[in-house]
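Every chain is numbered from 1 and lettered A, B, ... according to where its sequence line falls, protein lines coming before strand lines.
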Number of protein chains: 2
Amino acid sequence: MRLEKMMNNTPVTLKFLAEKLKMSVSTVSKALNNYPTINAYTKQRVQEMARELHFTPNKSAINLKEKRSRIIGVILPNLLDHFFTRSIYGVEQFATQNGYNVIISQSHDDLEKEIQSANMLLRSRVDGLIVAISKQTQDFAHLDQFEQMGTPVVYYTRNPSFNLSCHKVLGNTFQGCYEATKFLIGRGHKKIAYLGGPKMTNFTHDRFNGYINALKDNGVPFSAKFVAYTDFDKENTIAAIKNLFADSDHMPTALVAFKEPILFDAIKYLKSTNHPNFNKIESIGFGNNAFISYLDSPPIASIEENPESVGENAIKLLLQLINKEIDMENYQKVMVDCKLVVHG
Amino acid sequence: MRLEKMMNNTPVTLKFLAEKLKMSVSTVSKALNNYPTINAYTKQRVQEMARELHFTPNKSAINLKEKRSRIIGVILPNLLDHFFTRSIYGVEQFATQNGYNVIISQSHDDLEKEIQSANMLLRSRVDGLIVAISKQTQDFAHLDQFEQMGTPVVYYTRNPSFNLSCHKVLGNTFQGCYEATKFLIGRGHKKIAYLGGPKMTNFTHDRFNGYINALKDNGVPFSAKFVAYTDFDKENTIAAIKNLFADSDHMPTALVAFKEPILFDAIKYLKSTNHPNFNKIESIGFGNNAFISYLDSPPIASIEENPESVGENAIKLLLQLINKEIDMENYQKVMVDCKLVVHG
DNA sequence: TTGTACGCGTTATCAT
DNA sequence: ATGATAACGCGTACAA
């Protein structure tokens with residue numbers, strides 16, 4: 001395996017091949033790219049030599065010439081969140097099918113890091129950008145640069161809640177929450193609590209609206225006592241749950257939660273308090289974590305956000321923008337439905 | 001925010017700036033790179049103009065010129081495995097500190113995809129490669145190419161078990177398993193089962209050796225009845241567990257498992273069988289999954305593999321190779337110790 | 001202090 | 001059918 005270790009110090013370029021073959025650089029280039037005007041025998045000689053010497057075209061040179069990189073940049077907050085890693089799968093799949101490669105960059109929910117990532121991708125002249133903004137992002141100068149250079153940007157999942165004109169691909173979190181609530185009502189619950197996420201997050205409110213509308217559409221009265229908010233901090237979640245279950249005359253029998261990790265904290269806490277009807281409480285959260293099958297008191301269902309599909313829709317839209325099939329000024333908004341998955 | 005939307009159609013290059021400023025391209029270049037020979041006032045004018053026009057140097061052009069990309073390639077099987085995403089954190093951290101960017105590519109444990117990724121990174125002329133090979137990888141031609149071009153490669157975590165001469169950074173999986181076994185012995189267990197992973201995986205055996213040695217060093221007799229193997233398939237795991245707990249005269253009281261997901265399946269199954277001493281069984285697996293805190297019958301401890309540290313060691317070694325502080329032929333092997341984390 | 005000229009590796013146009 | 005040449009954007013040795 002290590003046989004041909006000759007440490008070629010002179011890089012194998014077209015010029016190098018040309019010299020070896022005593023031909024011109026342009027002939028070699030054309031032969032490798034299978035130009036019709038090149039003699040079959042010549043092609044064969046060139047291609048053999050190229051293979052033998054492990055010729056690998058230099059992408060930087062090609063990018064420079066072609067004024068495009070065939071690279072899609074992705075900026076996202078965190079690779080530890082399965083939502084994002086699953087969404088990447090959808091992006092990659094469709095991108096490579098269309099001859100694009102993907103560069104992933106994490107912001108760690110830090111604005112500085114997001115700006116750095118953006119600048120790196122800008123310098124790399126990516127052909128398009130897919131971004132889920134950090135929690136801190138309020139100013140978009142570093143992302144607007146792309147569009148100013150004519151590089152399309154698609155915001156996905158996390159996006160500016162105020163009405164920035166931009167291309168968006170979002171999970172239909174309203175519909176997901178609506179279905180979950182409706183499902184619980186269908187199972188006979190009348191006292192359904194809603195545990196929301198950070199209030200500044202755009203879809204906290206969409207989800208709440210899904211909850212409210214499901215109640216209304218099914219004639220279940222709404223009570224503000226059944227609503228609480230938390231960030232992702234455990235203490236905070238416990239405080240919220242305490243509040244929701246404080247009034248013994250007014251005790252929720254079901255729970256819809258913003259995200260499963262929060263829900264797990266809630267369930268764990270409720271269990272630890274020896275809540276009298278703990279076993280009857282039915283809960284649902286966003287996520288559909290694979291881990292659920294190991295829990296002794298699992299949620300009755302999960303709101304599957306289909307991250308692969310979100311990613312796929314983002315890259316599809318982006319490619320249409322790159323190919324000018326959609327005008328960059330013609331801002332698109334794509335919603336991807338959630339699916340309620342009942343655990344068995 | 002969208003104010004300055006002028007859709008600059010002419011790209012802002014050094015040449016463009018030079019024309020605007022009525023100077024030569026090289027002066028502009030030098031001014032931007034803060035050459036000492038350039039007049040302070042000139043520098044200022046150039047830098048202002050560059051900022052105003054959002055000049056962004058073209059990385060492809062620079063790569064071409066400098067014959068290096070300041071990019072590190074990473075190929076790994078899967079972003080859904082937290083071991084790998086956590087290891088990336090270590091890589092990124094240290095890479096960016098040293099002026100390198102990171103391109104991540106997933107093989108999905110598919111050799112074809114791994115080859116594609118390798119070729120992509122080769123064409124991009126990454127300055128170094130960090131790779132955790134796919135399960136299928138037996139032939140290394142696609143990875144050897146890098147070293148043939150003078151680009152150093154560091155194999156991490158997953159690596160060829162036969163003695164290929166290459167740079168390696170590995171978790172000290174022997175030590176991890178040794179400590180776990182010893183810990184269980186210390187808690188009074190004499191019948192400790194070992195549930196191993198796929199037999200072809202290199203560190204299945206290292207771990208087994210850790211187990212065996214801990215038994216021997218502490219005077220606990222070994223029995224082949226206490227050893228079983230599984231791949232990551234659930235059915236397979238259950239079959240293995242059935243075997244381990246088949247003989248009622250010879251029932252394990254503790255369990256060391258190859259990886260936590262396997263262990264969780266095992267625990268779940270044992271619980272479902274109403275095993276008489278289920279509550280007394282103590283178990284440990286590799287991973288330290290954050291979800292453990294939500295389990296009702298959690299492992300007593302976890303073997304934390306410190307993936308961030310593995311990643312950090314990999315990039316550190318790679319940078320030394322890139323900087324020729326270590327000779328490429330002088331193959332290194334770095335072991336990163338595991339740490340036993342006791343829950344509760 | 002600034003400018004000229006060349007080369008990095010590749011593709012494409014235009015000659016030959 | 002093949003070759004010479006220019007161009008992509010940038011950095012730098014050398015000239016002015």
Original post:
Is any side-chain N or O of A:Lys65 under 3.5 Å from a base N or O of C:dT11, one able to act as donor and the other as acceptor?
Top reply: yes

Original post:
Is A:Phe55 touching bases, backbone alone, or none of the nucleic acid, heavy atoms closer than 4.0 Å?
Top reply: sugar-phosphate

Original post:
Is a side-chain donor or acceptor of B:Asp109 paired with a backbone partner of B:Lys135 at a separation under 3.5 angstrom?
Top reply: yes

Original post:
Is B:Lys168 reaching over with its side chain to a backbone N or O of B:Tyr331, donor-acceptor style, under 3.5 angstrom?
Top reply: no

**OP:** Rounded to the nearest angstrom, tell me the gap between atom CE in B:Met149 and atom P in C:dG9.
**Re:** 10 Å

Short heteroatom pairs, N/O only, protein and nucleotides 1-5 of chain C, under 3.5 Å:
unit_1, atom_1, unit_2, atom_2, d
C:dT2, OP1, B:Thr42, OG1, 2.8
C:dT2, OP2, B:Asn39, N, 3.0
C:dT2, OP2, B:Thr42, OG1, 3.3
C:dG3, OP2, B:Ser24, N, 3.1
C:dG3, OP2, B:Ser24, OG, 3.4
C:dG3, OP2, B:Thr27, OG1, 2.6
C:dG3, N7, B:Ser26, OG, 3.3
C:dG3, O6, B:Lys30, NZ, 2.4
C:dT4, O4, B:Ser26, OG, 3.1

Original post:
Hey, does the side chain of B:Asn101 reach the backbone of B:Ile71 with a donor-acceptor pair shorter than 3.5 angstrom?
Top reply: no

**OP:** Look at all strands and tell whether A:Thr13 reaches a base, only sugar-phosphate, or nothing, counting heavy atoms closer than 4.0 Å.
**Re:** sugar-phosphate

Original post:
What is the distance from CG of B:Leu64 to C1' of C:dT11, rounded to the nearest Å?
Top reply: 13 Å

Original post:
Mind checking whether A:Thr13 and A:Asn58 have side chains closer than 4.5 Å, heavy atoms only?
Top reply: no

Original post:
With a non-hydrogen cut-off below 4.0 angstrom, is A:Asn33 in contact with a base, only sugar-phosphate, or nothing?
Top reply: sugar-phosphate

**OP:** Could you list by number each residue of residues 119-129 of chain A showing a heavy-atom separation from DNA chain C of less than 4.0 Å, or answer none if no residue does?
**Re:** none

Subject >> Residue pair A:Val336 / A:Ser309: nearest heavy atoms and the distance that separates them >> reply: CG1-OG, 3.4 Å

**OP:** Give the rounded distance in Å between these two atoms: CD1 of B:Ile62 and C1' of C:dG9.
**Re:** 16 Å

Original post:
For residues 17-26 of chain B, which residue pairs qualify under side chain to side chain donor-acceptor pair (under 3.5 Å), counting only residues two or more places apart or in two chains?
Top reply: B:Ser24-B:Ser26, B:Ser24-B:Thr27

Subject >> Donor-acceptor contact below 3.5 Å, side chain B:Asp81 vs main chain B:Phe83 >> reply: yes

**OP:** Starting from P on D:dC10, measure out to CZ on B:Phe16 and report it in whole angstrom.
**Re:** 12 Å

**OP:** Would you tell me if any nitrogen or oxygen in the side chain of B:Lys59 comes within less than 4.0 Å of OP1 or OP2 on D:dG9?
**Re:** no

Subject >> Donor on one side chain, acceptor on other, B:Ser134 and B:Ser107, under 3.5 Å >> reply: no

Original post:
How far does CD1 of A:Ile72 sit from CD1 of A:Ile315, to the nearest 0.5 angstrom?
Top reply: 4.5 Å

**OP:** Round to a whole Å and report the spacing from CG of B:Leu32 to P of D:dT12.
**Re:** 13 Å

Original post:
In whole angstroms, how far is the P atom of C:dG9 from the CD atom of A:Glu66?
Top reply: 17 Å

Original post:
How many Å lie between NZ on A:Lys15 and P on C:dT11, as a whole number?
Top reply: 15 Å

Original post:
Between atom OH in B:Tyr35 and atom C1' in D:dC10, what is the gap in whole Å?
Top reply: 11 Å

